[in-house]
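Each chain gets a letter, A, B and so on, in the order the sequences are listed, and its residues count up from 1.
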Amino acid sequence: MTAHITLSPRGDPLRRPFLTIIAGPTAVGKTGLAISLAERCGGEIISADSMQVYRYLDIGTAKPTPEEQRRVPHHLIDVVDPDGEFNAAMFVNRVDTIIQALYQERKRIFVVGGTGLYLDALTGGLLRAPGADGELRDRYREETTRYGKGYLYERLKRVDPAAARVIHPNDRIRTIRALEVMEQTGQSIIEIREAHRFEDHAYDYIKIGLTVDRDALYERINTRVDRMVADGLVAEGRRVLERGYDEENLPLRAMTYRHLVSHIRGNLTHDDMVRLIKRDTRHYARRQLTWFRRDGDIKWFAPGDENMISRSVESRVPER
RNA sequence: GGGUCGGUAGCUCAGUCGGUAGAGCACGGGACUGAAAAUCCCGGUGUCGGCAGUUCGAUUCUGCCCUGACCCA
């Protein structure tokens, strides 16, 4: 549970950016903590949240408010339209640029978010494999409709048996990705993964995890969803649809917006929408905890432990 | 006071012509490397309301009691 510090050949800490990372399940209070910590030291915040990158999806993604964003500069919020492309690789590319800039300015850097893959990709690097190939994926989709559901997986078994052993037949997304990598490189994504294991460290960091017991967390989630609704979640959903975005766009198929859209279209009562958003958010929080639990680098705290957290962070920040 | 129908998993219920039980939802655990708020996998012991009786054996039949809904007085 120590900050990851790389030593130079002479034994001195290498001069490179230091990140204070704040992770944890949704609704646990990461945003508030980060703003408070960053405000104290004039730092800036980088969001590691796969949904807050989308414009117009504000209430439903629990973005920091404009007022909060005025108190502390935020990065990687509102960077693409809801029909735009965004993924872990784009996150890493953009975040590296931002970190370099903040490092030059000697600003303290806080990375805050609940998207585990993005955080691991940031601290450990992404696989050295080719990116998503739109044409290839279109072809796979077409072949699936033509030859049936099991076709792609059968093909994976033939082309990359190692991957087929690890990937479940129903997991279409991973099946496609594995085929895509094999087709473009002739290498199994499993082999590439085994060789990599998020060990491509470019930064020093301390990882703070925020959590509370399950009942309290669910209480927070329920309360927050009620507040989103009171703050105009449905109106926000209507505005997004009026702009011409719909279920075709990935973020509108996620957790909250999926049920919001269904309700606006008249397929779901208001009560059912609220119920399902709460349920899916609880499930999401559970998946997040599953992801973070196995990360031995995380130092866990309760949301109220701000002073302890602050001290813990201060003890790790390198001199500059 | 009398009658009818209920009381089975956290919830809604199914079921056992007597051999101690199962669905949906909820919930829990896990996987995860360019779609990650996505995608996927696994998980059902619960005094079958209580007590007693009949029986080799009762959640299932009988009696009484508790309890809920409704109907009649």
Side-chain angles (χ1 to χ4, degrees), chain A residues 25-27 47-54 57 60-63 80 82-95 113-134 136-138 140-141 152-153 163 165-181 184-185 187-200 214-215 217-218 221-222 224-225 228 247-261 272 275-295:
Chain A
T26 187
S47 163
D49 185 299
S50 65
M51 287 295 137
Q52 292 184 357
V53 297
Y54 295 105
L57 310 181
T61 61
K63 269 178 206 165
V80 293
D83 60 352
E85 190 189 353
F86 200 85
N87 56 43
M90 291 176 68
F91 171 79
V92 171
N93 287 336
R94 284 170 179 256
V95 87
T115 303
L117 175 62
Y118 286 13
L119 291 175
D120 284 354
L122 169 62
T123 58
L126 226 36
L127 286 185
R128 290 192 17 220
D133 183 325
L136 208 50
R137 291 186 181 189
D138 286 345
Y140 291 148
R141 201 165 308 123
L152 286 181
Y153 187 76
R165 240 173 279 129
V166 176
I167 295 167
H168 190 97
N170 295 342
D171 196 343
R172 282 200 52 223
I173 286 180
R174 289 197 174 72
T175 300
I176 286 172
R177 178 64 182 147
L179 284 172
E180 182 177 70
V181 170
Q184 294 184 81
T185 67
Q187 264 188 298
S188 169
I189 191 169
I190 301 303
E191 284 161 28
I192 302 175
R193 191 207 282 171
E194 288 308 308
H196 178 90
R197 297 173 163 270
F198 290 115
E199 294 292 345
D200 239 355
R214 200 59 67 90
D215 288 346
L217 180 61
Y218 286 0
I221 286 171
N222 292 340
R224 189 170 79 178
V225 172
M228 284 177 177
E247 310 87 312
E248 291 292 293
N249 305 309
L250 200 75
L252 295 190
R253 273 185 268 144
M255 211 158 75
T256 300
Y257 290 94
R258 150 194 305 187
H259 297 120
L260 184 54
V261 169
D272 282 344
R275 206 190 80 239
L276 293 172
I277 290 175
K278 287 177 178 174
R279 183 199 62 188
D280 286 1
T281 307
R282 290 193 295 268
H283 290 174
Y284 172 51
R286 201 161 54 69
R287 270 178 278 134
Q288 287 177 300
L289 287 168
T290 298
W291 183 287
F292 293 132
R293 260 193 298 242
R294 67 175 179 182
D295 184 343

Rounded off to whole Å, could you give me the [atom1]-to-[atom2] distance for the [X] and [N] pair?
| X | N | atom1 | atom2 | result |
| --- | --- | --- | --- | --- |
| A:Arg275 | B:rU12 | CZ | C1' | 12 Å |
| A:Asp295 | B:rC32 | CG | C1' | 14 Å |
| A:Leu122 | B:rU33 | CG | P | 18 Å |
| A:Asp280 | B:rC25 | CG | P | 13 Å |
| A:Glu85 | B:rA36 | CD | P | 10 Å |
| A:Asn222 | B:rA26 | CG | P | 13 Å |
| A:Arg137 | B:rG34 | CZ | P | 8 Å |
| A:Leu127 | B:rA35 | CG | C1' | 15 Å |

Nucleotide nearest [X] when distance is taken to its side chain, options [options]:
| X | options | answer |
| --- | --- | --- |
| A:Asp171 | B:rA36, B:rU39, B:rA38 | B:rU39 |
| A:Ala132 | B:rA35, B:rU33, B:rA36 | B:rA35 |
| A:Ile173 | B:rA36, B:rA35, B:rA26 | B:rA35 |
| A:Arg174 | B:rA35, B:rG30, B:rA38 | B:rA38 |
| A:Arg279 | B:rG29, B:rA26, B:rA36 | B:rA26 |
| A:Arg214 | B:rA38, B:rA35, B:rG29 | B:rG29 |
| A:Arg294 | B:rA35, B:rC32, B:rU33 | B:rC32 |

Checklist line | Residue whose nearest RNA chain B nucleotide is more 5′ - A:Thr256 or A:Asp133 | finding: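 Counting from the 5' end, the first nearest nucleotide belongs to A:Asp133.
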Note to self: Can you work out whether A:Phe198 or A:Met255 has the more 5'-proximal nearest nucleotide on RNA chain B?
What the structure shows: A:Phe198
Reckon [X] touches a base, only the sugar-phosphate, or nothing at all at heavy-atom distances under 4.0 Å?
| X | result |
| --- | --- |
| A:Gly116 | nothing |
| A:Ile167 | nothing |
| A:Thr61 | base |
| A:Phe91 | nothing |
| A:Ala254 | sugar-phosphate |
| A:Arg128 | nothing |
| A:Tyr257 | nothing |

Heavy-atom closest contact ([X] atom, [Y] atom, distance):
| X | Y | result |
| --- | --- | --- |
| A:Asp120 | A:Phe198 | O-CD2, 3.4 Å |
| A:Tyr140 | A:Glu180 | OH-N, 3.5 Å |
| A:Val80 | A:Glu85 | CG1-O, 3.8 Å |
| A:Ala88 | A:Leu117 | CB-CD2, 4.0 Å |
| A:Ile221 | A:Lys278 | CG2-O, 4.1 Å |

Check: With no hydrogens and no angle check, do the side chains of A:Thr26 and A:Arg224 hold a donor and an acceptor under 3.5 Å apart?
Finding: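 On atom types as modelled, these side chains qualify, holding a pair under 3.5 Å.
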Next item on the list: Please step through side chain to side chain contact (heavy atoms under 4.5 Å, CB included) for the pair A:Leu57 and A:Leu252, ending with a clear verdict.
Entry: CA-CA 9 Å; A:Leu57 310 181; A:Leu252 295 190; 4.0 Å; yes
N/O to N/O distances under 3.5 Å, protein versus nucleotides 41-44 of chain B:
{"from": "B:rC41", "atom 1": "OP1", "to": "A:Asn170", "atom 2": "ND2", "distance (Å)": "2.5"}

Would you say a side-chain N or O of [X] is under 4.0 Å from OP1 or OP2 of [N]?
| X | N | answer |
| --- | --- | --- |
| A:Arg258 | B:rU39 | yes |
| A:Tyr218 | B:rG28 | yes |
| A:Thr290 | B:rG30 | yes |
| A:Arg253 | B:rA38 | no |
| A:Arg287 | B:rG30 | no |
| A:Arg177 | B:rA36 | no |
| A:His283 | B:rA26 | no |

Check: What stems, by residue range, does RNA chain B take part in, given at least 3 consecutive Watson-Crick or G-U pairs under 3.5 Å?
Finding: B:1-7 with B:66-72, B:10-13 with B:22-25, B:27-31 with B:39-43, B:49-53 with B:61-65
Next item on the list: Provide the distance between the two C1' atoms, one in B:rG30 and one in B:rG22, to the nearest whole Å.
Entry: 25 Å
Check: For atom P, what is the distance between B:rG44 and B:rG3, given to the nearest Å?
Finding: 44 Å
Next item on the list: Give me the ring orientation class for A:Tyr118 and A:Phe91: parallel if the planes are under 30° apart, tilted from 30 to 60°, perpendicular past 60°.
Entry: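 The rings of A:Tyr118 and A:Phe91 lie parallel, inter-plane angle below 30°.
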Note to self: Looking at A:Glu194, I'd like to know if its CD atom is crowded, meaning that more than 12 non-hydrogen atoms belonging to other residues, nucleotides or ligands lie closer than 6.0 Å.
What the structure shows: yes
Next item on the list: Check A:Leu217, A:Ile277, A:Asn222 against A:Arg282 for a side-chain contact (heavy atoms from CB on, under 4.5 Å) and give me the one that passes.
Entry: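 So, applying the side-chain contact (heavy atoms from CB on, under 4.5 Å) to A:Arg282 and each of A:Leu217, A:Ile277, A:Asn222, only A:Asn222 qualifies.
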Check: When rounded to the nearest 0.5 angstrom, what distance separates CD in A:Gln288 from OG1 in A:Thr290?
Finding: 10.0 Å
Next item on the list: Applying side chain to side chain contact (heavy atoms under 4.5 Å, CB included), name anything that partners A:Asn93, two or more places apart in sequence or on another chain.
Entry: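 Applying side chain to side chain contact (heavy atoms under 4.5 Å, CB included) to A:Asn93 gives none.
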